[in-house]
Each structure stands twice: as C-alpha cells, then as structure tokens.
Trainee: 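Pasting in a structure now, in structure tokens, and then I'll have a few things to ask.
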Amino acid sequence: MTKSPRACVIGNPISHSLSPKLHGYWLKRYDLPGEYTSLQVAEADLENVLRTLPEQGFVGVNVTIPHKVDVLQYADQITDRATLIGAANTLTFKEDGRIFADNTDGYGFISNLRQGAPDWNPKSGPAMVFGAGGAARAVIVALADAGAPEIILTNRTRAKAEALRADFGARIRVVDWVQAGTALKDAGVLVNTTSLGMKGAADFKVSLDELRPETVVTDIVYNPLRTPLLTTAEKLGCTTVDGLGMLLHQGVPGFERWFGKRPEVDEDTRQAVLA
Ligand code: ATR
C-alpha cells in the first residue's frame, strides 16, 4: 500500500497562511489522498524540523517568512531560479531524505499576470517595479525570464535597488523613488512589490498621473484584494491584476510534485481560498 503523502507550510508566525486552504481545496477537488497542514517553526528549530519531517511521511513543504533564505543552507539541490532569487519557497523531500529546493514565487507572479492580462506582451516595453525586497527579486527574475527588455526599478531606499541591479545586471535601470511617477509613463506593466497599500500599512502615494491606460498594473498585496493602486489604475482605464493569484499559482508546482496532479487556478479556487 502506498502511503498517503503529507505536506505543510512552515513559517513563524504561520496562522495567517492561506496555503492550507488552497492545498486542502485541491486535494478535495481532485479526490486525492494526502493532507496539507501548517507548522509554526522557530528559527532555532528549522534544521531539526527539516530533517525529521520526511521520517513522518512528509513529501515536501512550502516555506514562508522568515525561513525562505535560511532553508537554502539545508538543501542538497537548488534550482537555478531559487539560486538567482536567493530564497526558496517550495521544498521536496526525496525518498532518501535529500532536500530539493525551488522558488515558485516568480512563476506564480508571471502565471497570474498572464492569466489576468492575457493580452500583455512582456517584450512590448519596460516593466516598472516598485520595491527591492525579497518579493521584488522573484518578480524581477520572472520578468527578465519572460523577455522584458528593460526593468525600471525604484525603491524608497535607493541603495537596495542598486544592489539588485548589481545582482541581476544591466537590464535594470534604477530611478529615484521621487522620480517614479514620471518614469512610469514608459511602462508596459507596473508591479508593486512593496507593502504599501496593505491593510494596516501606509498608502501607495506615488503619483499615477502619467500612467497610460495601456499599462497593465498588478500588486502583490492581496489584503485588501482591490488595493488603492489597483482602484486608481482601473479608473484610468488600465487592466489590473490582483495579488491573490500569485499566491494561488505559486502553489501549483509543489502540489503537482507532492500529490501527482497539476491543479487548476480558476474562480472556484479563488473563492475556496477567500471563503
Ligand atoms: P518582501 O520580502 O515581502 O519584499 P521586504 O524585504 O521587507 O519584504 O521589502 C519591503 C519593501 O517594501 C521594500 O522595498 C521597502 O522599501 P525599503 O527598502 O526602503 O525599506 C518597501 N516599503 C515598506 N514600507 C515602505 C514605505 N512606507 N514607503 C516606501 N516603501 C516601503
């Protein structure tokens, strides 16, 4: 008899994670054996947890804050995209306990964008990215991979944007945060990777006066689903894509590896996670 596969999401804190709802919904929808739970893991326990989970029937884990960078040191094999991003969000345990680390955040980002804005052509113009944290790294790698000719990067702390340019190369053009409102007139797509606009955080105050209706606007913030940035962009006639889809799509490769079925991301999936 084959064992029923187990997977979970690890982080600290973890109670807010939507991943158990997402994977639980897919398991039910496809009538697959298996379970997906969440586990709060303190930094000091990370290695021990990763070594013992496979012994308990776990085939993999999703990784969230604060462990995404630290898990790499325990991985036996790391995908190129996880290496480039410098973090992993999806670990698969091989039968012999070896750890395979991947980062599907960029995949989730680009899949969400393509699904929400099917007419968007990444090669048609520069991509404008706000923010230079961990999420921005995944977004930049995905945009470059998709063929964006130039990535205009802006961050409140300019030095962090410069550091990303040093890592990812000349296709990135750094502009000052105060000039961002002017730079965005060239953008084919605009991406907010900062926490601005999130419930409880400061507002996204960059002027959008120069935004063209042809620019696709997406936010990685999904609480609220319609951020002030998306609402303003929509009023200007832009196609907008909310951030929930990125979370849903990033879960696809892990689910497929662990439970053997490539799951759909559709309206039913969204509603199940929002319920
Ligand atoms: P993540 O890993 O989710 O990207 P992070 O590494 O903490 O999170 O990055 C948060 C991003 O939001 C950063 O780009 C940060 O800008 P700084 O590098 O200047 O800190 C941005 N951010 C957070 N609060 C901000 C604010 N009030 N104004 C502008 N940018 C802000």
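Just so you know, ligand 1 is whichever comes first in the structure, and atom 1 is the first atom listed for that ligand.
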Trainee: Could you tell me how the ring of Phe130 sits relative to the ring of Trp177: parallel (under 30°), tilted (30 to 60°) or perpendicular (over 60°)?
Mentor: perpendicular
Trainee: What are the distances between nitrogen or oxygen atoms of ligand 1 and protein nitrogen or oxygen atoms, counting only those under 3.5 Å?
Mentor:
from: ligand 1; atom 1: 2 (O); to: Gly134; atom 2: N; distance (Å): 3.1
from: ligand 1; atom 1: 4 (O); to: Gly134; atom 2: N; distance (Å): 3.2
from: ligand 1; atom 1: 4 (O); to: Ala135; atom 2: N; distance (Å): 3.1
from: ligand 1; atom 1: 14 (O); to: Ala132; atom 2: N; distance (Å): 3.0
from: ligand 1; atom 1: 14 (O); to: Asn155; atom 2: OD1; distance (Å): 2.6
from: ligand 1; atom 1: 16 (O); to: Asn155; atom 2: OD1; distance (Å): 3.3
from: ligand 1; atom 1: 18 (O); to: Asn155; atom 2: ND2; distance (Å): 2.8
from: ligand 1; atom 1: 18 (O); to: Lys160; atom 2: NZ; distance (Å): 2.8
from: ligand 1; atom 1: 19 (O); to: Arg156; atom 2: NE; distance (Å): 3.0
from: ligand 1; atom 1: 19 (O); to: Thr157; atom 2: N; distance (Å): 3.0
from: ligand 1; atom 1: 19 (O); to: Thr157; atom 2: OG1; distance (Å): 2.5
from: ligand 1; atom 1: 20 (O); to: Arg156; atom 2: NH2; distance (Å): 2.8
from: ligand 1; atom 1: 27 (N); to: Arg156; atom 2: NH1; distance (Å): 3.3

Trainee: Do Ile14 and Thr64 come within less than 4.5 Å of each other through their side chains, counting heavy atoms only?
Mentor: yes
Trainee: If you measure only the distance, is there a donor-acceptor pair under 3.5 Å linking the side chains of Thr104 and Asn89?
Mentor: yes
Trainee: Is it the case that the side chains of Asp102 and Thr79 hold a donor-acceptor pair, with the cut-off being a distance below 3.5 Å and no angle test?
Mentor: yes
Trainee: We want to know whether Asn62 and Tyr36 form a side-chain donor-acceptor pair, criterion being a heavy-atom distance below 3.5 angstrom.
Mentor: yes
Trainee: Quick one, Leu190 and Thr218 - any side-chain contact, counting heavy atoms below 4.5 Å?
Mentor: no
